[in-house]
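Okay, structure first, notes after.
Just the heavy atoms: all of them, side chains too, but no hydrogens, waters or symmetry mates, feed the values below. Worth saying up front: this structure is predicted, and the values here are computed from it rather than measured. Letters A, B, ... mirror the listed sequences (proteins, then strands); counts begin at 1.
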Amino acid sequence: MEVEASQNIGYACINLSLQAEKVTTNRGMIKKTFQEKGIAYASQLALKNVQDLLTIVDWNLAHGFRIFRVSSDLFPWASEYKISSLPDFSEIRATLEEIGRRPIRLTVHPGPFNHLAGQGHVLENTIKDLEYHSDVFDLMGLRPSHWNKINIHAGGTYGDKTATLIRFAQNFRLLSENLRARLTIENDDRPTLYTVTDLVPVYETIGTPIVFDYFHHSLNPGYQTEEEAFMTAYKTWDVRPVVHFSDSRQTREDPKARREAHADWLYSPVNTYGKEVDIVFEAKMKEQAVMRLTGEMTI
DNA sequence: AACCGTCAAGGTGAA
DNA sequence: TTCACCTTGACGGTT
C-alpha cells in the first residue's frame, strides 16, 4: 500500500505489542466493585490508563502511526462522577496535557449505547457519555474541531429513519459548543440502519461530517457505489477526512463467521480515489495488521 | 496462573 | 422471547 507523506494511518484503541507487557488503557471494573470501592479506585485505574495511553501514543509516533482511536474505557464508570473530582486529578490532568501536546491525531468512537435521537433517560445517558469524551479532549488541550473527532453512529431508527434523524439534529443543539464542534457520524452496516446518503440531511442541517466506513458500506451500500459513497462523505469534511477500513472475517478467514465480523488481518487494497484522507484500520490484530500491510512503516 | 461465568447502557435481527 | 452483538473483551471469583 502506498501512503502519502502527509496522510495519517492508525488503528483502534488497543496496541497488542504493548498489551503483552501489561500496557493497556481499558482497566475497569464491574458494577459491584465500583459500589464497594468507589471513585478512589476508579481514580487509580484511570491514572494508570492515562499513563499507559501516553506510552502507547509515543510508541505510535515511534512506529509511524499518526492517527489513533483512544479507548472509551479510559475512565471507569465515567458517567458517575466528574473527572475533576478524582483524587488523582492533578496527575491525570498533567498526563492528559502531555498527551495532547504530541503530534498525533487522536479520535474517539463512543459506544453503541449512544442514541442521540433517543428520548428521556436514553438521551440523558447519551449526552452524559458524549460530553465526557469531549471533556477528556478539553483536558488534553485539544482545540475543538473535527480534527479530533468524536464519532458515533446515528443509532436506532425507531421505525422511521427520517423522523429519527430530524430528532437527532434537534438534540444536537443540546450539546456543548466544544462537543458540537467535534461530533461526526458514521454509516452503518445493516440495511435497516443508515447509509452515507441517509446521513447527508443531518450534515446539511447541523454540519456534522460523515465518516466513511468501507466495510459497512459493502454490507449496506444503499444505491451508491463505493466511490460515490466515499465522495459523498468526503465532501462533508472541513478538515482532512477520516475513513474506517476493515475486511470481513467471513470472506477472508472463517466461512462460518458472521458477515459483519471484522477479520484479524487486512487484505483488500484501500482505494481513496485520489483523495488525501486519514485511515483508521479496524482489524483484530490491531497495529500488527497495519504493519504487515504496509511493510516497514517505521519512519 | 489459568479457567470461565458474567458483565451498565439500547436497539436490532437471528435463533 | 431470548440472545449475541455492536466501537474495543475484560473482570473477578474460583480452581
Side-chain angles (χ1 to χ4, degrees), chain A residues 10-16 18-20 22-37 41-42 44-45 48-49 52-53 56 67-81 106-130 132-133 149-161 164-165 167-168 171 183-194 211 213 215-216 219-220 242-246 248-250 256-264 280-289:
Chain A
Y11 57 98
C13 306
I14 293 170
N15 179 300
L16 293 176
L18 291 172
Q19 191 177 56
K22 305 288 179 211
V23 175
T24 172
T25 63
N26 47 18
R27 296 173 185 85
M29 58 190 142
I30 61 173
K31 190 175 189 176
K32 185 156 83 83
T33 308
F34 181 61
Q35 285 165 346
E36 286 164 8
K37 302 190 176 180
Y41 185 52
Q44 287 176 32
L45 295 181
K48 283 186 184 167
N49 284 341
D52 282 358
L53 178 59
I56 294 171
I67 182 169
F68 183 63
R69 182 187 303 168
V70 176
S71 167
S72 292
D73 297 330
L74 226 44
F75 291 83
W77 294 94
S79 57
E80 304 303 310
Y81 53 82
L106 298 176
T107 70
V108 284
H109 195 353
F113 301 108
N114 286 289
H115 298 284
L116 190 53
Q119 291 164 304
H121 75 279
V122 175
L123 177 59
E124 282 175 36
N125 291 346
T126 299
I127 292 175
K128 199 182 271 187
D129 191 40
L130 296 179
Y132 145 74
H133 284 87
K149 71 184 166 68
I150 295 176
N151 178 50
I152 57 172
H153 290 270
T157 62
Y158 300 89
D160 185 340
K161 278 190 191 182
T164 301
L165 289 182
R167 214 161 55 239
F168 184 101
N171 291 342
L183 202 73
T184 63
I185 43 177
E186 177 181 339
N187 58 307
D188 288 291
D189 63 359
R190 300 211 301 275
T192 54
L193 297 179
Y194 302 96
V211 171
D213 187 305
F215 183 41
H216 292 169
L219 295 168
N220 179 28
V242 177
V243 297
H244 294 173
F245 191 91
S246 51
S248 168
R249 180 170 196 80
Q250 186 190 70
K256 296 191 296 296
R258 294 166 50 258
R259 235 156 57 94
E260 306 83 21
H262 288 172
D264 289 345
V280 175
F281 289 100
E282 297 170 336
K284 298 285 182 198
M285 289 309 288
K286 302 295 175 186
E287 86 286 356
Q288 296 178 22

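Looking at which nucleotide of DNA chain C each of A:Gly28 and A:Asp188 is closest to, the 5′-most match is held by A:Asp188.
Spacing between C:dA10 and B:dG11 at atom C1', rounded to whole Å, works out to 24 Å. C:dT8 sits 23 Å from C:dG12 when the P atoms are compared, rounded to a whole Å. Rounded to a whole angstrom, the distance from the P atom of C:dT7 to that of B:dG5 is 26 Å. For the C1' atom pair drawn from B:dT6 and C:dC3, the interatomic distance equals 14 Å after rounding to whole Å.
Between the CD atom of A:Glu36 and the P atom of C:dC11 there is a distance of 16 Å, rounded to whole Å. Rounded to an integer number of Å, the gap from A:Tyr11 OH to C:dT8 C1' is 13 Å. Atom pair A:Leu45:CG and C:dG9:P shows a separation of 20 Å (rounding to whole Å applied). Regarding A:Lys286, its NZ atom lies at a distance of 11 Å from the P atom of C:dT7, rounded to whole Å. Residue A:His109 contributes atom NE2, which lies 14 Å from atom C1' of C:dC5 at whole-angstrom precision. Taking atom CD1 of A:Ile56 as the reference point, atom C1' of C:dT8 lies 12 Å away to the nearest angstrom. Between the CG atom of A:Leu16 and the P atom of C:dT8 there is a distance of 12 Å, rounded to whole Å. What separates CG of A:Asn151 from P of C:dC6 is a distance of 17 Å, to the nearest Å.
Nearest heavy atoms, A:Arg259 versus A:Ser248: O-OG, 3.2 Å. Here the closest heavy-atom approach between residue A:Asn151 and residue A:Pro110 is recorded as O-CD, 3.2 Å. Across A:Val242 and A:Val211, no two heavy atoms sit closer than the pair O-CG1, 3.7 Å.
With a 4.5 Å cut-off on side-chain heavy atoms, A:Tyr194 and A:Asn220 do not count as touching.
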Derivation and outcome, side-chain contact (heavy atoms from CB on, under 4.5 Å), residues A:Leu123 and A:Leu116: CA-CA 6 Å; A:Leu123 177 59; A:Leu116 190 53; 3.9 Å; yes
Evaluation steps, side-chain contact (heavy atoms from CB on, under 4.5 Å), between A:Phe68 and A:Leu53: CA-CA 10 Å; A:Phe68 183 63; A:Leu53 178 59; 3.9 Å; yes
Contact letters for nucleotides 2-15 of chain B, in which S counts primed atoms plus P, OP1 and OP2 and B counts the base, heavy atoms under 4.0 Å: ------BBBSSS--
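Considering only side-chain N and O atoms, A:His153 lies under 4.0 angstrom from the phosphate OP1 or OP2 of C:dT7. Between A:His262 and the phosphate of C:dT8, there is a side-chain N or O to OP1/OP2 separation shorter than 4.0 Å. For the OP1/OP2 pair of C:dT8 and a distance below 4.0 Å, the side-chain nitrogens and oxygens of A:Ser72 include no atom meeting the criterion.
Residues satisfying the side-chain contact (heavy atoms from CB on, under 4.5 Å) test with A:Ser79, not counting sequence neighbours, are A:Lys128.
Here A:Gln19 lies in heavy-atom contact (under 4.0 Å) with sugar-phosphate atoms only. Within the 4.0 angstrom heavy-atom criterion, base atoms lie near A:Arg69. Within 4.0 Å of A:Glu282, counting heavy atoms only, lie sugar-phosphate atoms of the nucleic acid but no base atom.
Look at C:dT8: it lacks any Watson-Crick or wobble partner with both distances under 3.5 angstrom.
Partner of A:Phe34 under the ring pair (Phe, Tyr, Trp, His ring centres under 6.0 Å) criterion, out of A:Tyr41, A:Trp77, A:Phe75: A:Trp77 alone.
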